[in-house]
There are 2 protein chains.
Amino acid sequence: MTTPDSRPRRFAEFLAQSGLKSTRQRERIARTFFAAGAHLSAEELHRQIRRKDPGIGLVTVYRTLRLLRQAGLALEQQFGDAYARFDPNPVDWTHHHLICTRCGRIREFRDADLHALFRKVAQTSGFTVTEHKLELYGVCRACARPERPQARRRRPA
Amino acid sequence: MTTPDSRPRRFAEFLAQSGLKSTRQRERIARTFFAAGAHLSAEELHRQIRRKDPGIGLVTVYRTLRLLRQAGLALEQQFGDAYARFDPNPVDWTHHHLICTRCGRIREFRDADLHALFRKVAQTSGFTVTEHKLELYGVCRACARPERPQARRRRPA
DNA sequence: CAGGATATTGACATTCATTTTCATTATGGA
DNA sequence: TCCATAATGAAAATGAATGTCAATATCCTG
């Protein structure tokens, strides 16, 4: 018994409320995005969309991703990479990252107590906080022993 | 009665332990960086350094900023901007950001309770956490009433 | 349901922060 | 002092992201 995905409807409502139009491209981009995994780049998303609809341009993917962000349906992540990654699934928005400033390695973690505090800050501020991003910087065990630091990769494998 | 700044010494030790050399350029870049304010871009830092030592190139500033990051003496921040900002002062590493996903506005906040939790995570993980970065995404009061969303600026004024 | 004001699209060109390259120079240990 | 090796800087390259603009699609209005 699966709950229906409300994201397509929420996106349509966002467009309508904002005076924007619903187009074939926006719908296909959104649908493909919602079905994708985490940490997706605009290029990767575009490649997937091309398989179904070769006519859609990368530029429109960028534009639609911005709309999805404004609708609260996409989270943009900036890791050490040169490009931005996008996460469609709110479940993935709740884990955080430990980043080694020596080797650049990234590890994920999750902490329930943090969420209560986030809610507190959300209330205190005038913001309606939808999601959050936490990164802890430090030195990982491997890099703790003094030795030559590794250069940071420009892009992932 | 001011405490002496340990950062120049810590940077020198980092270079020595890593088998790297201490140069006139690295020393001047580090010194200028430590004396600078928060949210400094590489270009801005380079401009300041040029006034004292016109021969130093922007490329070396980039390279030295990476070393400072690896030494735990610089925090790189990626806001919505096209470029990275660097913070030399650990005091500035402790405030966080509320980011509106509609208009892109950024507001700062500070919360003491969060720091205790960060320390807990630091202990649990194998990491020696030096600093942290927290961003809460949501909709600010101004954008809460439904209307045409604003485009995100590419660069600040 | 047709017409038309207006939003959207996509190909191309452009921007611009950051990184590579590589020949020259400087560092620091033997 | 010598010299292997690291560091520098200028120029060129890279590459993600955005602006431009003519052609097209949407959807509100009558």
Side-chain angles (χ1 to χ4, degrees), chain A residues 11-12 14-30 39-47 49-50 53-70 74 76-86 104 148-156, chain B residues 11-12 14-30 39-47 49-50 53-70 74 76-86 104 148-156:
Chain A
F11 187 46
F14 169 80
L15 291 177
Q17 282 184 16
S18 305
L20 302 172
K21 292 174 179 174
S22 177
T23 67
R24 171 179 61 85
Q25 289 93 334
R26 283 178 179 167
E27 271 167 32
R28 183 170 308 270
I29 292 168
H39 302 337
L40 200 71
S41 74
E43 295 263 12
E44 287 163 352
L45 179 57
H46 182 230
R47 220 173 297 135
I49 290 164
R50 277 245 154 143
D53 197 333
I56 294 179
L58 175 60
V59 184
T60 305
V61 173
Y62 273 109
R63 285 190 281 231
T64 306
L65 279 171
R66 176 186 300 183
L67 291 176
L68 286 164
R69 246 176 42 89
Q70 291 173 333
E76 182 178 336
Q77 297 262 37
Q78 289 284 356
F79 295 144
D81 305 312
Y83 50 86
R85 313 299 199 96
F86 297 87
R148 183 69 174 267
Q150 299 180 12
R152 179 161 61 109
R153 300 168 317 188
R154 184 182 164 81
R155 42 189 51 268
Chain B
F11 187 46
F14 168 81
L15 291 176
Q17 284 185 15
S18 305
L20 302 172
K21 292 175 178 173
S22 178
T23 67
R24 171 179 60 86
Q25 289 92 334
R26 283 177 178 166
E27 271 166 32
R28 185 169 307 268
I29 292 168
H39 303 336
L40 201 70
S41 74
E43 293 265 13
E44 286 164 353
L45 178 58
H46 181 230
R47 218 173 300 137
I49 289 164
R50 278 247 154 141
D53 196 333
I56 294 180
L58 175 60
V59 184
T60 304
V61 173
Y62 273 108
R63 284 190 281 232
T64 306
L65 279 171
R66 178 186 299 183
L67 292 176
L68 286 164
R69 248 176 42 90
Q70 291 173 334
E76 181 179 335
Q77 298 261 37
Q78 288 285 356
F79 295 144
D81 305 314
Y83 49 87
R85 313 299 200 95
F86 298 86
R148 185 66 176 266
Q150 298 180 11
R152 180 162 59 110
R153 301 168 315 188
R154 184 183 164 80
R155 43 186 56 267

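Each chain gets a letter, A, B and so on, in the order the sequences are listed, and its residues count up from 1. Source: prediction; values computed, not measured.
Rounded to whole Å, the distance from CZ on A/R50 to P on C/dT9 is 15 Å. One atom, CG of A/L15, and another, P of C/dT8, lie 8 Å apart when rounded to the nearest Å. Distance CD (A/E44) to P (D/dA17): 11 Å, rounded to an integer number of Å. The distance from atom CG of A/L45 to atom P of D/dA16 is 15 Å, rounded to the nearest whole Å. Between the P atom of D/dT26 and the CZ atom of A/R24 lies a distance of 8 Å, rounded to the nearest Å. Between the CG atom of B/L67 and the P atom of D/dA6 there is a distance of 14 Å, given to the nearest Å. For the pair B/D53 CG and D/dT8 P, the computed distance is 12 Å after rounding to whole Å. In this structure, A/K21 places its NZ atom 7 Å from C1' of D/dA25, rounding to the nearest Å.
For the helix from C/dC1-D/dG30 to C/dA30-D/dT1, the end axes, each set by the C1' atoms of five terminal pairs, are bent relative to each other by 40° (nearest 10°).
Listed for the B/H46 side chain is no donor-acceptor partner under 3.5 Å among the backbone atoms of B/Y62. At least one donor-acceptor pair under 3.5 Å links the side chain of A/R26 to the backbone N or O of A/K21.
Closest non-hydrogen pair, B/A42 versus B/V61, comes out as O-CG1, 3.9 Å.
OP1 or OP2 of D/dG9 lies within a sub-4.0 Å distance of a side-chain N or O belonging to B/Q25. The phosphate of D/dT8 has OP1 or OP2 within less than 4.0 Å of a side-chain N or O from B/T23.
One N or O donor and one acceptor, one from the side chain of A/R63 and one from the base of C/dG10, sit under 3.5 Å apart.
Across all strands shown, A/R26 has heavy atoms under 4.0 Å from sugar-phosphate atoms exclusively, and none from any base. Residue contacts shown for A/L58 are absent, as no nucleic acid heavy atom lies under 4.0 Å away.
For the side-chain contact (heavy atoms from CB on, under 4.5 Å) test with A/I29, the passing option among A/T23, A/L67, A/T60 is A/T60; the others fail.
A heavy-atom distance below 4.5 Å is not found between the side chains of A/R50 and A/R47.
Distances were taken from every side-chain heavy atom of B/E43 (C-beta onward) to each of D/dA17, D/dG9, C/dA17; the shortest belongs to C/dA17. Relative to the side chain of B/Y83, the nucleotides D/dA25, D/dA6, C/dA17 differ in distance, and C/dA17 lies closest.
Every residue meeting the salt bridge (Lys or Arg N to Asp or Glu O under 4.0 Å) condition with B/R24, not counting sequence neighbours, appears here in chain and number order: B/D53.
Nearest-nucleotide positions on DNA chain C for A/V61 and B/S41 put A/V61 closer to the 5' end.
Between atom OG1 of residue B/T64 and atom CD1 of residue B/I56 there is a gap of 8.0 Å, rounded to the nearest 0.5 Å.
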